[in-house]
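Let me begin by presenting the structure, written as structure tokens, before commenting on it.
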There are 2 protein chains.
Amino acid sequence: MPKAADHNPSGTHPKRRKTGTAMKTPTRTEKVHEALRQAIIEQQLSPGARLPEDMIGDSFGTSRTIAREALLRLSVEGLVDLMPNRGAFVANPTLDEGRDIFVVRRGLERMVVLQLAGNLNATQITELRRMLDDEEMAGARDEREAIRLAGEFHLRLAEMTGNKLLVRYLTETVSRCSLVLTIYGRPHSVDCGIDEHRQIIEALIAGQGDKAADLMDHHIEQVAGRALLESRKPKSVQDVLSSYASRLSQG
Amino acid sequence: MPKAADHNPSGTHPKRRKTGTAMKTPTRTEKVHEALRQAIIEQQLSPGARLPEDMIGDSFGTSRTIAREALLRLSVEGLVDLMPNRGAFVANPTLDEGRDIFVVRRGLERMVVLQLAGNLNATQITELRRMLDDEEMAGARDEREAIRLAGEFHLRLAEMTGNKLLVRYLTETVSRCSLVLTIYGRPHSVDCGIDEHRQIIEALIAGQGDKAADLMDHHIEQVAGRALLESRKPKSVQDVLSSYASRLSQG
DNA sequence: TATAAGCAGATTGCATGCAATATTGACATG
DNA sequence: CATGTCAATATTGCATGCAATCTGCTTATA
């Protein structure tokens, strides 16, 4: 193995100890998976971009096996399109698919707040309030951070239900929503209104499940609307070309 | 390649033609994936059973690579638990996890009917009605078939929304629900009441979204209740042992 | 006898090699 | 000049081999 000898570039300890603390997964596969995931969500990899196994393997100093596995996972999450015998591409959802994703997200978020209403304990309430304050502070100065915190708010809410499956689905969906926003959204409107978050929390604390659900529905609708209804950017090469083609035939 | 020479036991044509019909995936990986999936859902593989890569590879006449990929996919779907350096096991959800799964399913089904209400076209309506009739016929004689048809009904409904993501999530969730039922459910009560299905359809046709949603909620609640509330079977080794452990410390 | 260390077997993690398939450009042909 | 065929190249699909890790048994030691 001439190549595997020195692929621990980060310098951190990659192995999982057998101590009882159950450290995170040590496998290179997981690391690559997470790295790619981040790269896609943070728009370092544009939708539609090709992702050859070799290239990924070389980039991370691993073999294609690892890259392949990471791509497979990402494809299940919907962040990567895997075409048989063709290769992998950063997902490039159509506008309609984007709408579908937002629809599902809305439904999931609704489940979250319905379960949470009236069931928050004191610790959770203080944590959420602190998150809101953080959001507010960041909102003024660091836009990028504000977006991150806003996303985290939704995820944290889901975690508080204790429902693993719900968390997984919402995580996936939120990721895909960011992807959709990078394609069809305006540059970077802070997608979440902090006031809306605050209202939702208050409704949850007051045990007003239906109200919280409606607020959340409205909130997500808002985000989706801003991005998907206004923007008329065509997205895929096909769309672009078809619009050019129609222009040609008219002229 | 001494072994790969003769692994087309089915005799069917394994290759995908390049004709425009876009045949299903031809890859062996997909086939193994689907086969394992069926085996788990149909209880041919009991929850908690070990799934060594070698064994699977041998069974299907492929290498570990394929088995590995299939297992990875299944683990993402939640039908298989993958333990690092330990191997794969048929998922063995706890009772609480089972409840969580049903909660999510209820929410997803609710989304489906809310979207469908008043939006069914004539073709879809006749198809659904025909499915109901089939269910009713099968219900009397072939229990196994009745269960299959009942499951298909829910999935077909989801497909009619045209929302791919919703379909994927519901498919996954329904699979996991059957798994949960095999662990905690009684032998084989036909889990879906046909009358309930019929009522839902009628509400959908009438455009009564809220009513359909409530019916569906009730319907799933019913299934979950029958299985999860009554049965007091302890489930995992951990649960068993923890109950024994507490007994110890008390005595 | 009970506990700990050490060894052997089984199984996964990962890398690599070869065959199969898709895409691109060259070339021939109407 | 347009179109169809074919070879060259790039990339995936899959199998296999070796090292790392886990499990259980055996053996040494108090």
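Chain identifiers are assigned alphabetically (A, B, ...) following the order of the sequence lines, protein sequences preceding nucleic acid strands; residue numbering begins at 1 within each chain.
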Notebook entry, point to check: Counting N and O atoms only, with roles assigned by atom type, does the side chain of A:Ser178 sit under 3.5 Å from a partner on the main chain of A:Val174, one being a donor and the other an acceptor?
Noted result: yes

Next item on the list: Could you check B:Gly87 against A:Ile66 and say which one's nearest nucleotide on DNA chain C is further toward the 5' end?
Entry: B:Gly87

Margin query: Using a strict threshold of under 4.0 Å (side-chain N to carboxylate O), is an ion pair present between B:Arg106 and B:Glu109?
Written below: no

Next item on the list: For DNA chain C, determine which residues of residues 44-54 of chain A have any heavy atom closer than 4.0 angstrom to one of its atoms, and list them numerically.
Entry: none

Margin query: Expressed as a whole number of angstroms, how long is the span from B:His33:NE2 to D:dG13:C1'?
Written below: 17 Å

Next item on the list: For A:Leu71 and D:dC14, give me the distance from atom CG to atom P, rounded to whole Å.
Entry: 15 Å

Notebook entry, point to check: Just by distance, do the side chain of B:Thr94 and the backbone of B:Glu97 share a donor-acceptor pair under 3.5 Å?
Noted result: yes

Checklist line | Check: B:Met111 and A:Met111 side chains under 4.5 Å, non-hydrogen atoms | finding: yes

Check: Does the side chain of B:Arg86 get closer than 4.0 angstrom to OP1 or OP2 of D:dT23 through an N or O atom?
Finding: yes

Check: Which pairs pass salt bridge (Lys or Arg N to Asp or Glu O under 4.0 Å) with one or both residues in residues 43-53 of chain A, sequence neighbours excluded?
Finding: A:Glu53-A:Arg64, A:Glu53-A:Arg68

Note to self: Without decimals, in angstroms, what is the distance between A:Arg28 CZ and C:dT12 C1'?
What the structure shows: 13 Å

Margin query: How many whole angstroms separate atom CD of A:Glu69 from atom P of D:dG13?
Written below: 14 Å

Item checked: Atom-to-atom span, CZ of B:Phe89 to P of D:dC22 - whole angstrom -> 13 Å

Check: Side chain of A:Ser63: nearest nucleotide among D:dA15, C:dG13, C:dC14?
Finding: C:dC14

Check: So, is B:Thr62 near the phosphate of D:dC14, with a side-chain N or O under 4.0 Å from OP1 or OP2?
Finding: no

Next item on the list: Report yes if at least one side-chain N or O of B:Arg68 is closer than 4.0 Å to OP1 or OP2 of C:dG13; otherwise report no.
Entry: yes

Check: Can you tell me how far P of C:dC14 sits from CD1 of A:Ile56, to the nearest Å?
Finding: 16 Å

Note to self: Which nucleotide wins on minimum distance to the side chain of B:Thr65, given the candidates D:dC14, C:dC14, D:dG13?
What the structure shows: D:dC14

Next item on the list: State whether B:Arg73 and B:Glu77 are salt-bridged, where the test is any N-O pair (Lys NZ or Arg NE/NH1/NH2 against Asp/Glu carboxylate O) under 4.0 Å.
Entry: no

Next item on the list: Before accepting this row, confirm whether a basic side-chain N of the pair A:Arg37/A:Glu34 lies closer than 4.0 Å to the acidic partner's carboxylate O.
Entry: yes

Check: When the distance from CG of B:Asp58 to P of C:dA10 is rounded to whole Å, what number comes out?
Finding: 14 Å

Next item on the list: Round to the nearest Å and state the distance from B:Leu72 atom CG to C:dC14 atom P.
Entry: 12 Å

Checklist line | Side-chain N,O (B:Arg64) to OP1/OP2 (C:dT11) below 4.0 Å | finding: no

